[in-house]
**Student:** 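Take a look at this one; I'll ask things after.
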2 protein chains.
Amino acid sequence: MPVQYPIRAVAKLTGITVDTLRAWERRYKAVIPDRVSRGRLYSDADVRRLLLLKTALECGHSIGRVASLPDAELQELARASFPSSPVLRTQPAARVDLTELSKLRRAIEALDSTTINDEFSRLALFLSPTELVHKVVLPLMRLAGENWENGIYQIAQEHLLSACVRNLMGGLVRLQSRSGGVARLLLATPPEELHEFGILSAAMLALEHGFQVDYLGPNLPAREILAAAALRSPDVVVLGVLKLNATPAVQRDVDLLASGLPASTELWLGGSGAADVANGAARTGVFVLEDLVQFELHLARWKSTHLQGADA
Amino acid sequence: MPVQYPIRAVAKLTGITVDTLRAWERRYKAVIPDRVSRGRLYSDADVRRLLLLKTALECGHSIGRVASLPDAELQELARASFPSSPVLRTQPAARVDLTELSKLRRAIEALDSTTINDEFSRLALFLSPTELVHKVVLPLMRLAGENWENGIYQIAQEHLLSACVRNLMGGLVRLQSRSGGVARLLLATPPEELHEFGILSAAMLALEHGFQVDYLGPNLPAREILAAAALRSPDVVVLGVLKLNATPAVQRDVDLLASGLPASTELWLGGSGAADVANGAARTGVFVLEDLVQFELHLARWKSTHLQGADA
DNA sequence: TTCAGCTTTTGTCCTTGACAAAAATAGATC
DNA sequence: GATCTATTTTTGTCAAGGACAAAAGCTGAA
């Protein structure tokens, strides 16, 4: 059941004027939407193609040249982000250029949310979700984390980047939700945690490994997390605990979770402060994962032990 | 020297489609812009009149009835129906929205972010930004706000809904970013504020009115906001101050902003606690806007007085 | 009153033609 | 060969008027 969009919706979706959409069709037959008695109906594939065409234009090509190219070539073209002449294209562009990241970095520093979102969606056009996570999002977040520690970034930058990444996450969630999902994870941090990056990165990684993710965000008291767990009945609750010296309040929150969650639900504690608070929580199914590498390993292990069949 | 706008700029400025603008002129001669060799040129007065017509429509009048009224009567008409909570007016509205909203409400209660995002983006295709804001986002937020006070909703629900609305905003930002926008707004709340809803709604409304919006999110100390303002050099800084009894800390933050911002930057304080903290801030360009209705009015006023800049 | 049917209103989409700003090309001069 | 100007092509945007369907308004009957 192919979803179809009327022209105005496509204009919204792609940011291309209705005038231009019609002109492209009339002159170059860039896309040929279905027609009903009154009006055009664009398919998902049409919209994707239009987005590709748009990025090609942004790379300096002219519509007349690229309008009739097949989709595959357009995709390739989008990879070559630089407006160099198509002939001189020397890079197979298998990986993301450093300049891409520096462009994003500058946008973050300048609090320029428009550019960040634009770049993200551009990259999402030709990177697989896996690549997107590993080559763009995680490096950026690591970088941001470091800069934060060095006092270069400020809260505003963290908020902004987090918001944009969550944006992206929304897209990934939609892709993932089709294939059933390996298992359901619920992620949050208790109050008093300074950063959202860690738990957000974890959420991205889990998504990318095919898990269903409920990302509740930072700053949630244990009572709330328990209530959410009751609603969503996840297989695992992941708690980000970054602080090294846990306050009694945080300790109590962790204990509350450990004892309040049903026995069938595992509790994973992530972050450098995780080991400290885990000691108090005597309970099976509690795991300490000090960094994202351990977290990812654990995800893989979980998959292999809890799944017999292969997944997509 | 009368600045004049081409039709597309007017469409962006007023939120009225180019088709509709032409139809109104053709059928009712609602406004008669100047003509040059090619295309219409609307004056500031024309734009103001169109804005008045639009508010008249939003008050339930039909275009055929009001199109030929003189400006003064339109103004009267808008004033007459505005003070009685124009947006919140329990309209006959659409019955469809009720089922839509209840579906969304269930999704929020169940913390089902996938469904929320899907519904939002689906609605965004068929509703104009105006409708989206007034008929979906604001009612939901109001509902959520109430339920929060009654203890039905919890922090998790607020976080989730805020995140999804921000997602939506991201989409609007991209659409709006094209033609420079009317003016640049920077929105945030100081620390200790409980809710993000108010300032988030304000951001949506501003976007919908064609302003460029930098949404920094909740919980930002004045120092950060000042730093961000230095980076983005906005025309207006909007600060959400919901709490009724301002703590000294909040008061100090507001004072810091009032004195730290350049003279050319206005400071708008929104929320029920705004009046309290504004007293201390002796400075021109400080405005107190107690609710979203006032905020929207102020936006419209700002547009009609400051409309003179060039556009792309 | 309420409700089914009819009429008017009104927003949106269509097509074709046109124009101007920008880009590309060609030609001329140093 | 390089630089500059003039001409052609490309391409986004606007216009006019016709058309249609969903919504709103209106009618008369139950």
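Chain letters run A, B, ... following the sequence lines, proteins first and then strands; every chain starts at 1.
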**Student:** Using a 4.0 Å heavy-atom cut-off across all strands, classify B:L57 as base, sugar-phosphate, or nothing.
**Tutor:**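 Counting heavy atoms under 4.0 Å across all strands, the contact made by B:L57 is with sugar-phosphate only.
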**Student:** What contact category does B:R8 fall into here, base, sugar-phosphate, or nothing, at under 4.0 angstrom with non-hydrogen atoms?
**Tutor:** sugar-phosphate
**Student:** Give, ordered by number, those residues of residues 27-35 of chain B having at least one heavy-atom distance below 4.0 Å to an atom of DNA chain C; if nothing qualifies, reply none.
**Tutor:** B:R27, B:Y28
**Student:** Tell me every residue that passes side chain to side chain donor-acceptor pair (under 3.5 Å) with B:N147, counting only those two or more places apart in sequence or in another chain.
**Tutor:** none
**Student:** List the residues meeting side chain to side chain donor-acceptor pair (under 3.5 Å) with B:D19, not counting sequence neighbours, and say none if there are none.
**Tutor:** A:R8
**Student:** Which is more 5' along DNA chain C, the nucleotide nearest A:P6 or the one nearest A:S62? Just name the residue.
**Tutor:**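 It is A:P6, whose closest nucleotide lies nearer the 5' terminus.
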**Student:** So does A:T20 get a side-chain nitrogen or oxygen closer than 4.0 Å to the phosphate oxygens (OP1/OP2) of D:dT13?
**Tutor:** yes
**Student:** Identify, with sequence neighbours excluded, every residue that meets side chain to side chain donor-acceptor pair (under 3.5 Å) alongside B:T265.
**Tutor:**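 With neighbours one apart ignored, the set is empty.
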**Student:** Tell me whether B:D214 is salt-bridged to B:R232, with the criterion being a basic N under 4.0 Å from an acidic carboxylate O.
**Tutor:**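 So B:D214 pairs with B:R232 through a salt bridge.
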**Student:** Tell me the interatomic distance from B:R22, atom CZ, to D:dG17, atom P, rounded to whole angstroms.
**Tutor:** 12 Å
**Student:** Report the residues that fulfil side chain to side chain donor-acceptor pair (under 3.5 Å) with B:Y215, sequence neighbours left out, ordered by chain and then residue number.
**Tutor:** B:E196
**Student:** Roughly, in whole Å, what's the span from CG in A:D19 to P in D:dC14?
**Tutor:**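 Going from CG in A:D19 over to P in D:dC14 covers 7 Å.
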**Student:** Can you name the salt bridge (charged side-chain N to carboxylate O under 4.0 Å, His left out) partners of B:D291, sequence neighbours left out?
**Tutor:** none
**Student:** Sequence neighbours left out, what pairs pass salt bridge (Lys or Arg N to Asp or Glu O under 4.0 Å) with at least one residue falling in residues 26-36 of chain B?
**Tutor:**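 Residue pairs passing salt bridge (Lys or Arg N to Asp or Glu O under 4.0 Å), neighbours aside: B:E25-B:R35.
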**Student:** Counting just side-chain N and O atoms, does B:R26 come under 4.0 Å of either OP1 or OP2 of D:dA19?
**Tutor:**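 For D:dA19, neither OP1 nor OP2 has a side-chain N or O of B:R26 closer than 4.0 Å.
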**Student:** What are the bounds, 5' to 3', of the part of DNA chain C that sits under 4.0 Å from heavy atoms of chain A?
**Tutor:** C:dG11 to C:dA18
**Student:** According to salt bridge (charged side-chain N to carboxylate O under 4.0 Å, His left out), who are the partners of B:E119, at least two apart in sequence or on a separate chain?
**Tutor:** B:K103, B:R122
